[in-house]
Amino acid sequence: MKHARAIVAIARSVTLEAIRRKEIYVLIAACLLLTGLAFSLNIFDLGGLVKFYREITLRLMGTFTAVAVSLLAVRQLPREFEQRTIYPLLARPVPRSVFILGKAVGVLLVALASYALFVTIYIIGMHYLDGELAWGLLWQHVYLQFLQMGLLTSGAFLLSLLVSPDAAATLALLLYFASNVMGHMALSLYELTHTAGRAFLHLLTYALPQFVLFDLSGKVLHSEIWDPLSLSVMGALTAYALIYSLLYGVGAYALFRRRPL
Amino acid sequence: MNRRRGHSWALRCMVPLLWAMASLWAARIDPHAYTGGRERDETERIRRNSSALAAMLGEFRTSISDIMFMKTERYLHGGVAYRPHHSASAPTAEDMADEVEEHQSELGIPDDHAHKHSGVPTVVPPPNRDFRGWIGDLHRAVRPWRDPSRAHIHTDGRDLLPWFRVMTRADPRYVRGYVAGAFWLAQEDREQAIAFVSEGLEHNPDAFELYVSRGIIRLREARMAEADRGELDPDIRDRWMQARNDFRRGAELALAQRPDDVDEEGFGSGGWGHYHENDALTACRMDLLITHRFEGPVAMSKRRTLYKQTFPELADSPPND
C-alpha cells in the first residue's frame, strides 16, 4: 500500500510508452485484419460453420497478445539502463522490487487492454454468426490467458536481464510457441531415455513454464461437449501461474539488483 | 592490397549474378508441382507419421495439408487428440455389404465406427503413463481429453468443411482432402460436393479416387431423384449415365495405374494400398452394375471381360446376371 502510488506511476509510464511506440497498434490492426479476413471467408456458401472461426480467432488473439507482451516486456528493464532513465527513478525512495512490480503491472495492463479488445471482437463475431458463446468456458479461457501473460511477462523480464532484449524476445516467443511441441517431445523421449535423460526431462518439465496449461481454446472450440473447468483445477492453475511468475520475478529482481548502475 | 581489391570485385560481380540466377530460378517455381511430404499409400503415410520423429515433431508433420487433415480428425473426436489410427481399423470388404458404403466408410465415420474405436492411444497419455505427475493432470484437465479405453466421441462432420476447403486451396494436389471433403459436403449440398470434386479433378486429372468419389455422389443423387419421381425420366437417366461415366473413367485410370504385384491384402509397389484397391474395385463394379441396368447384359459382359483380367472376383458380378 505504501508503494501503491509508485506502482501506478511506473505502470502508467509503461502503458504510455506502449501507446507512443505504436507497435501495439500494428499488432492489434494485424490481428483484427486477419480475424476479419477469417470471418469474411465464404466456405461453400454454407453458414453456421462456427468452429472454424472460433479456432482461427482464438489462436490469433492468443498469438498477437503474446507477441505484444513479449516485445514490450523484454524492453522494460534493459532500456532503463541503456537510456539512463533508471537514475532519476532510483533517486526516489522506490525499491527495485516495486520498480519491477510496476513494470509488470504496466505490461499486464497493455495485455489486458489488447485482449479485451480481441474478446469484444470475438463476441461480436460469434453473435453475428449465431454461434453459441459458452460463457463459462470463454471467461475461464480469458482468465487463463491473463495468467499466461503474467507468466510470460515475468519470464521475459528474467530473460531480458540474462541476454540481449532481441534474444530475450526470441527466446520468450520460442518458449511460448513451442510449449506444446516440447511437451509432446518430452513425453515421447521419456520412453526412450534412461535415468539421466529422464531426470533431465523432469527438470525441463518443472523448470520451464508450461504455457500449454493455460490454453483452454480446445474446449471452448468444442464447448457443446466439454464443461467448464472445476474450481479446484482453476485454483491449481492460478497457483501454478502465481508461483512460477513469482519465481521468475524473484530471479529477475536478483539480477536487477546485482546489475551495476 | 590488390588481392583484397580483387576479392571485392569478385563479390560485386557475384551479387548481381546470384540475383539474376535467383530470379530465373524463382520464375521456374511452381508451388503446385510439390508432391513430396506424403505417401500415396495411406498405410505408409500413417506408419511414417507414427514414427518417433513424427511424434516428437507433433503438429509439424509432413505438410500443412496433412496437419489440417489431422485437425479434421480431432474435430471429429470432439477435440481429443489421438495418435494416427485409421489404418488399423479400416473396414475391409467383409465388413460392408454395400461397396458404396464401404467406400464412404473409409472417408468418414459411420455409426458403428464409434463402437469399434477404443483403446487407441491419445497424444496426451493417461495418468499411469505420464511422468509429469500433477502437470500431466492439469494438462488432461485443460485439454479435450478422454481415457483411451473409452469409446471415442464423434461429432458432426459439417464443421470440418472449412478445413477441407483451406487444405485443398493450400495444396490442390491433396486428393485425400478432396475425397474426404466431398463426402462431408455431400451431406449438405450435393451440387457443391460435385463441384468440389470436379475442382480436384482439374488439378489431379489422373486421380481415379476422385472419379469414384464423384460417381458415388452422382449415383446417390440419381437414386434419390428416381425414388422421388417414381419413374426414370430422361433427366434422371442422364444422371445415371454421368455416374456411370465417372466410374468407368475411374476404372480405366485405376487399371492403368495398378501395379502387377498387388498382394491378397491389396498392397502393391509404387505406394498402391488397400484403399486404392478398394476404389479400383468399386469403380469396376459400379460401372458393371449401371451398364447392366441401362445397356443390357451384352454391353456389361464386354466390360466385365475387360475388368476380370485384373479382378477375377468380378466374374460373378453383377450377381443377378
Side-chain angles (χ1 to χ4, degrees), chain A residues 38 41-56 140-141 144 177-193 198-199 201-202 204-206 208 210 212-226 229-230 232-234 236-237 239-240, chain B residues 51-61 68 71-72 74-81 83 122-125 129-146 153-156 158-166 169 181-182 184-185 188-189 191-193 195-196:
Chain A
L41 286 177
N42 176 16
I43 309 288
F44 302 119
D45 293 327
L46 297 173
L49 300 168
V50 179
K51 282 187 185 177
F52 176 75
Y53 303 108
R54 258 191 214 155
E55 170 140 24
I56 299 285
Q140 283 187 340
H141 178 67
L144 291 180
F177 287 114
S179 177
N180 196 22
V181 176
M182 279 162 53
H184 290 163
M185 191 164 73
L187 284 166
S188 299
L189 285 177
Y190 193 80
E191 293 168 14
L192 305 172
T193 52
R198 288 184 174 190
L201 289 174
H202 272 284
L204 210 64
T205 304
Y206 289 104
L208 292 179
Q210 301 292 319
V212 74
L213 297 180
F214 302 93
D215 181 12
L216 200 58
S217 61
K219 285 194 170 177
V220 177
L221 199 58
H222 302 280
S223 55
E224 77 280 8
I225 297 169
W226 307 101
L229 301 184
S230 65
S232 58
V233 172
M234 289 300 284
L237 288 167
Y240 177 91
Chain B
S51 71
L53 184 67
M56 281 192 291
L57 292 175
E59 306 271 354
F60 298 103
R61 290 193 298 186
M68 287 188 200
K71 193 168 274 300
T72 63
R74 284 193 191 176
Y75 267 45
L76 268 180
H77 293 131
V80 181
R83 291 189 186 276
T122 46
V123 171
V124 178
R129 294 192 58 215
D130 192 341
F131 76 93
R132 298 174 301 165
W134 55 271
I135 287 183
D137 291 339
L138 287 175
H139 198 185
R140 277 182 291 280
V142 170
R143 279 295 169 99
W145 187 83
R146 201 168 162 84
I153 300 167
H154 286 125
T155 61
D156 181 12
R158 191 174 191 273
D159 282 306
L160 315 181
L161 292 172
W163 293 107
F164 289 118
R165 177 69 281 176
V166 177
R169 277 283 154 88
W184 290 111
L185 188 54
E188 297 288 325
D189 184 339
E191 289 302 320
Q192 288 268 22
F196 185 56

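Bear in mind the structure is a predicted one, so any value in this text is a computation, not a measurement. Chain naming here is simple, since letters A, B, ... match the order of the sequence lines and numbering starts at 1 in each.
- Looking at A/L216, the atoms closer than 4.5 Å to chain B (heavy atoms on both sides) sit in the backbone and in the side chain alike.
- Side-chain contact between B/R143 and A/D215 is present, with heavy atoms from C-beta onward closer than 4.5 Å.
- Using a 4.5 Å cut-off on side-chain heavy atoms (C-beta onward), B/R132 and A/L187 make contact.
- When heavy atoms are compared at a cutoff of 4.5 Å, A/I56 approaches chain B solely by way of its side chain, counted from C-beta outward.
- Checked against the 6.0 Å centroid criterion, the rings of A/Y206 and B/W134 qualify as a close aromatic pair.
- Using a distance-only test at 3.5 Å, with no hydrogens or angles considered, no donor-acceptor pair links the side chain of B/W163 to the main chain of A/F52.
- For A/I225, the part lying under 4.5 angstrom from a heavy atom of chain B is the side chain only.
- With chain A as the partner, the residue from B/L161, B/V124, B/V166 showing the most heavy-atom pairs under 4.5 Å is B/L161.
- With a 4.5 angstrom heavy-atom cutoff, A/Y240 touches chain B only via side-chain atoms.
- Scanning both residues, A/L229 and B/A141, for their nearest heavy atoms gives CD2-O, 3.1 Å.
- By the salt bridge (charged side-chain N to carboxylate O under 4.0 Å, His left out) test, B/R129 pairs with A/E191, sequence neighbours left out.
- To the nearest 0.5 angstrom, B/R165 atom CZ is 10.0 Å from A/N42 atom CG.
- In plain terms, the two heavy atoms of B/P162 and A/I43 that are nearest each other are CA-CG2, 3.6 Å.
- Among A/A236, A/S217, A/A186, the residue making the largest number of heavy-atom pairs under 4.5 Å with chain B is A/A186.
- Two residues are said to be in side-chain contact when any heavy atoms from C-beta on lie closer than 4.5 Å; B/F131 and A/R198 fail this criterion.
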Could you go step by step and tell me if B/D189 and A/F44 meet the side-chain contact (heavy atoms from CB on, under 4.5 Å) rule?
-> CA-CA 9 Å; B/D189 184 339; A/F44 302 119; over 6 Å; no
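- The distance from the CD atom of A/E55 to the OH atom of B/Y75 is 3.5 Å, given to the nearest 0.5 Å.
- Of the atoms belonging to B/F196, it is side-chain heavy atoms, and not backbone ones, that fall under 4.5 Å from chain A.
- For chain B, the nearby parts of A/L213 are the backbone and the side chain; heavy atoms of each come within less than 4.5 Å.
- A heavy-atom distance below 4.5 Å is found between the side chains of B/R158 and A/L46.
- B/L160 does not touch chain A: none of its heavy atoms, backbone or side chain, sits under 4.5 Å away.
- Taking A/K219 as the reference, nothing meets the side chain to side chain donor-acceptor pair (under 3.5 Å) condition, with sequence neighbours excluded.
- Below 30°, between 30° and 60°, or above 60°: for B/H139 and A/H184 the angle between ring planes is below 30°, a parallel geometry.
- Inter-residue side-chain proximity for A/Y190 and B/D130 is flagged as unmet; no heavy-atom pair is nearer than 4.5 Å.
- Minimum interatomic distance between B/D159 and A/V50 (heavy atoms only, all atoms of both residues): OD1-N, 3.9 Å.
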